[in-house]
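Taking it in order: structure first as structure tokens, then the write-up.
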Amino acid sequence: MKTRMTLKTVFAFLLISAFVVSCAASGTTTNSSAKAEAKQKAYDPAGVWEYSVDTPDGGSSGTLRIMGSPGAYSATLETDQFGTLDVNGVTVQGTNMTGSIEVMGTVAELECQFDGDAMSGAVYLGQDAFPMTGKRVSK
């Protein structure tokens, strides 16, 4: 009789242990860092940005307009020298944006890193890199 009771106890313990392990493996238990990650919102660079680019000729400034939403951004660069230029191939990953512009038949690549309402990056023309900074003036 005692052996029978012990076997029932061991069997019940194994059954409960298997249930707990399967719940843990299926992700039904929660992790506070996983909850925090899920609540974090992707960075949205959309808005109007005032920028300046340092060049050997003294620099250039203007307005970068980023429109759209995650996965579907577009942008224009309003320059003081070349008018309004479309930014082609706009890609936003995390807090980084890349794209390209065509200036007088030459393609230049843009790279921007956002930190809240501040921006830094560069314009690449051939092997030359020109530092770019900016700030968001409206969303």
Side-chain angles (χ1 to χ4, degrees):
M1 181 79 149
K2 187 174 183 179
T3 306
R4 198 172 197 193
M5 214 39 180
T6 306
L7 285 175
K8 281 184 181 180
T9 305
V10 169
F11 182 74
F13 176 77
L14 290 174
L15 186 60
I16 291 170
S17 297
F19 176 77
V20 170
V21 168
S22 69
C23 286
S26 70
T28 57
T29 60
T30 56
N31 180 336
S32 61
S33 65
K35 281 183 183 179
E37 242 180 76
K39 288 183 180 180
Q40 281 185 343
K41 188 177 177 184
Y43 180 77
D44 183 5
V48 178
W49 298 78
E50 291 180 349
Y51 75 89
S52 63
V53 177
D54 294 331
T55 67
D57 297 332
S60 178
S61 62
T63 303
L64 171 64
R65 294 182 187 276
I66 303 172
M67 294 84 47
S69 59
Y73 287 107
S74 62
T76 59
L77 200 63
E78 297 169 9
T79 70
D80 56 0
Q81 296 175 337
F82 304 107
T84 300
L85 304 170
D86 288 330
V87 180
N88 301 308
V90 175
T91 302
V92 175
Q93 292 183 335
T95 58
N96 298 319
M97 183 183 89
T98 58
S100 63
I101 56 173
E102 187 175 327
V103 181
M104 298 172 44
T106 303
V107 175
E109 300 294 325
L110 300 177
E111 285 186 6
C112 303
Q113 295 82 40
F114 301 101
D115 184 9
D117 289 333
M119 173 188 64
S120 62
V123 176
Y124 297 94
L125 186 59
Q127 294 184 6
D128 296 321
F130 305 104
M132 180 177 186
T133 58
K135 65 179 181 175
R136 183 167 20 199
V137 295
S138 69
K139 288 189 178 190

request  = Determine whether Tyr124 and Met104 fall in the same hydrophobic cluster, where Ile, Leu, Val, Met, Phe, Trp and Tyr are linked whenever their side-chain heavy atoms lie under 4.5 Å apart.
outcome  = no
request  = Establish whether Phe130 and Val107 are linked, either directly or via other cluster members, by ILVMFWY side-chain heavy-atom contacts under 4.5 Å.
outcome  = no
How long is the straight-line distance from [atom2] of [Y] back to [atom1] of [X], given to the nearest 0.5 Å?
{"X": "Met119", "Y": "Lys135", "atom1": "CE", "atom2": "NZ", "answer": "11.5 Å"}
{"X": "Thr79", "Y": "Leu85", "atom1": "OG1", "atom2": "CG", "answer": "5.0 Å"}
{"X": "Ser100", "Y": "Glu111", "atom1": "OG", "atom2": "CD", "answer": "11.5 Å"}
{"X": "Met97", "Y": "Gln113", "atom1": "CE", "atom2": "CD", "answer": "10.0 Å"}
{"X": "Asp44", "Y": "Tyr73", "atom1": "CG", "atom2": "OH", "answer": "3.5 Å"}
{"X": "Gln93", "Y": "Thr98", "atom1": "CD", "atom2": "OG1", "answer": "7.0 Å"}

Hydrophobic cluster of Val137, others only, ordered by chain and residue number, side-chain cut-off 4.5 Å = Val48
ask   = Do Tyr43 and Asp115 come within less than 4.5 Å of each other through their side chains, counting heavy atoms only?
value = no
Quick check: closest heavy atoms across [X] and [Y], and the distance to 0.1 Å?
{"X": "Cys112", "Y": "Met132", "result": "SG-SD, 4.3 Å"}
{"X": "Ala108", "Y": "Leu125", "result": "CB-CD1, 4.0 Å"}
{"X": "Val87", "Y": "Gly99", "result": "CG1-CA, 3.9 Å"}
{"X": "Ala46", "Y": "Gly68", "result": "CB-O, 4.1 Å"}

remark   = Across all chains, not counting sequence neighbours, the salt bridge (charged side-chain N to carboxylate O under 4.0 Å, His left out) partners of Glu78 are Arg65
query = Only one of Leu77, Ile66, Thr63 clears side chain to side chain contact (heavy atoms under 4.5 Å, CB included) with Trp49; which?
reply = Ile66
